S.K.: 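Here you go, one structure.
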Amino acid sequence: MQRYANARDAVDDLRPDVPVYGFRPAVLKQDAQRFLKAFPGRTAYAVKTNGEQFLLDCLAEAGIEAFDVASPAEFAAARTAKRDAELLYMHPVKAQSDIRLALEDYRIRAIALDHEDEVAKVLRIVRALDIDPATITVFVRLATKGHAAYELSKKFGAAPGHAAELVQRISNIGFQTGLCFHVGSQVADIESYRDALGVAAQVRKDAGVELAALDIGGGFPAPYRDEGNRRSAIPEIETMMRRILKAVDAAGFSDVPLIAEPGRVIVARCLSVIVRVLLRKGRRIYINDGIWSSLSDSWTGKITLPARFLPDPARKRRHGKDELVPFRVCGATCDSVDILSRPFHLPDTIDTGDWIEIGHIGAYSLSLRSRFNGFYPDTFVEIETPFEEPPGERGYATIETMGDSPQDLPEFDRS
Ligand SMILES: *Cc1c(COP(=O)(O)O)cnc(C)c1O
């Protein structure tokens, strides 16, 4: 990857017409190490958040030794990053052939499930491969109710009574037993974790079985631009983790080995995308990226990405005042839903040909981009300074915070 001090330098050098990803390895390592330091248990990075090989390699260099994986491609990528990486196969519903591959070829010994038929699937393969069940930890995924920005517990998890039965069944077979949950993504409040830990404590009590591990999942909040009010203030990971660990103790789990599966909180800040304004039409700008490429995660409207204006120095004449105004941002494809759900606040002087660096897109961006309409951004550069530290006076760390006041943007579609 070519290296630049910041996005301005990259733009001046490349004058890119396609989106360019700005990867910040120093930031990634810093955020990974912050998490490792804040969490006293085993940290297993959730590969689905961003599974690019260069990123996994960088995480391994930063000291990440375990990975939460869900598919053969993720097994391979994690082991390429670190030959002796510990893999935790935490997808509750798996193909038979993938379970065999995990146990036989990758020697994975931690596996999650939430149903007795999945126990039978795993057991059949364990018997066929003549593996001692006591060498495998089977985690029962618990259903939890949460208040996450992204509610993921609707899809997976056993209800408490069912979970206790599963734990007993697994233990009777001779497996080591664990409990796991995942409260969603970008969870800034402690309640979701506290509720889940309460469920886990109940299941442990009802099952009466010794636990080999408690996996508290992911969901830890990344430092996006908060909305400027207390309600949405995003706690630092150290603060959040202190609260979670207190809740872990309160639920009676201080004697059980802990695992966490962070994704977003580790990778969000390490990547930006530099997009070009293909056209300005009044208060609308059309860019060369969108919800079918790097920005689908922002499309849900649940997170607020920071953005920085990078004017084209070749444009000599500009209109408008140098103040921030909201723009509706339209994506690259011909699809009419390809419009960002929130406006961006950018200088009124922005025009066709200018660039915008959109920050903190490391989570759920690269892994979700599609080839829809033939657009597939795949250009990367390395950037040395964090997004938050713009060196030049032309850098505007602006945000799209308006959300609630459609009158500021008459043509904005609130759907
Ligand atoms: C997606 C996922 C994670 C990571 O979630 P983040 O919100 O990115 O931290 C962790 N565990 C499981 C089971 C997941 O599905």
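Every heavy atom of this structure was used, including side-chain atoms; hydrogens, water molecules and symmetry mates were not. In each ligand, atom 1 is the first atom listed, and ligand 1 is the first ligand listed. All values derive from a computational prediction rather than experimental measurement.
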S.K.: Would you check whether Y364 reaches within less than 4.0 Å of ligand 1, judged by its heavy atoms?
M.R.: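 Per 4.0 Å heavy-atom rule, Y364 contacts ligand 1.
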
S.K.: Between D348 and R280, is there a salt bridge with N-O shorter than 4.0 Å?
M.R.: yes

S.K.: So which pairs with a foot in residues 76-91 pass salt bridge (charged side-chain N to carboxylate O under 4.0 Å, His left out), sequence neighbours left out?
M.R.: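 For residues 76-91, and leaving out neighbouring residues, the salt bridge (charged side-chain N to carboxylate O under 4.0 Å, His left out) pairs sorted by first residue read R42-E86, K82-D84.
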
S.K.: Of all the heavy-atom pairs spanning A363 and T49, show the shortest one and how long it is.
M.R.: CB-CG2, 3.5 Å

S.K.: Can you tell me which portion of M90 lies within the under-4.0 Å heavy-atom range of ligand 1? Options are side chain, backbone, both, or neither.
M.R.: neither

S.K.: Does some non-hydrogen atom of G219 fall short of 4.0 Å from ligand 1?
M.R.: yes

S.K.: Taking only residues two or more places apart in sequence, or in another chain, which ones meet D98 in a side-chain hydrogen bond (donor to acceptor under 3.5 Å, both in side chains)?
M.R.: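 Per chain and number, D98 pairs via side-chain hydrogen bond (donor to acceptor under 3.5 Å, both in side chains) with no residue.
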
S.K.: If you measure from each heavy atom of G184 to ligand 1, is any distance below 4.0 Å?
M.R.: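 The answer is yes, since G184 has a heavy atom less than 4.0 Å from ligand 1.
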
S.K.: At a 4.0 Å threshold, what atoms of ligand 1 neighbour a non-hydrogen atom of A46?
M.R.: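 Here the atoms of ligand 1 in question are 3 (C), 4 (C), 10 (C).
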
S.K.: Looking only at heavy atoms, is any part of D68 under 4.0 Å from ligand 1, and if so is it the side chain, the backbone, or both, or is it neither?
M.R.: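 Near ligand 1, D68 shows its side chain, while the N, CA, C and O stay back.
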
S.K.: Side chain, backbone, both or neither: which applies to S185 and ligand 1 if a contact is any heavy-atom pair less than 4.0 Å apart?
M.R.: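 Under 4.0 Å from ligand 1, S185 contributes backbone and side-chain atoms.
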
S.K.: Any idea which atoms of ligand 1 are less than 4.0 Å away from a heavy-atom of R264?
M.R.: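 Answer, ordered by atom number: 6 (P), 8 (O), 9 (O).
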
S.K.: Just to be sure I read this right, does ligand 1 sit under 4.0 Å from the backbone of R141, its side chain, both, or neither, counting only heavy atoms?
M.R.: side chain

S.K.: Is it true that Y89 and F75 have ring centroids separated by less than 6.0 Å?
M.R.: yes

S.K.: Test side chain to side chain donor-acceptor pair (under 3.5 Å) on W292 and N373 and set out the steps.
M.R.: CA-CA 9 Å; W292 298 107; N373 238 184; over 6 Å; no

S.K.: Pick from L59, L368, L366: which one makes a side-chain contact (heavy atoms from CB on, under 4.5 Å) with N50?
M.R.: L366

S.K.: Taking the non-hydrogen atoms of K48, is any one of them nearer than 4.0 angstrom to ligand 1?
M.R.: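 Distance cut 4.0 Å: K48 passes for ligand 1.
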
S.K.: State whether Y193 and R243 meet the cation-pi test: NZ (Lys) or CZ (Arg) under 6.0 Å from the six-membered ring centroid, and within 45° of the perpendicular axis.
M.R.: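 The answer is no, since R243 fails at least one limit relative to Y193.
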
S.K.: Please determine if G263 has a nitrogen or oxygen closer than 3.5 Å to a nitrogen or oxygen of ligand 1.
M.R.: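 N/O-N/O distance below 3.5 Å exists for this pair.
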
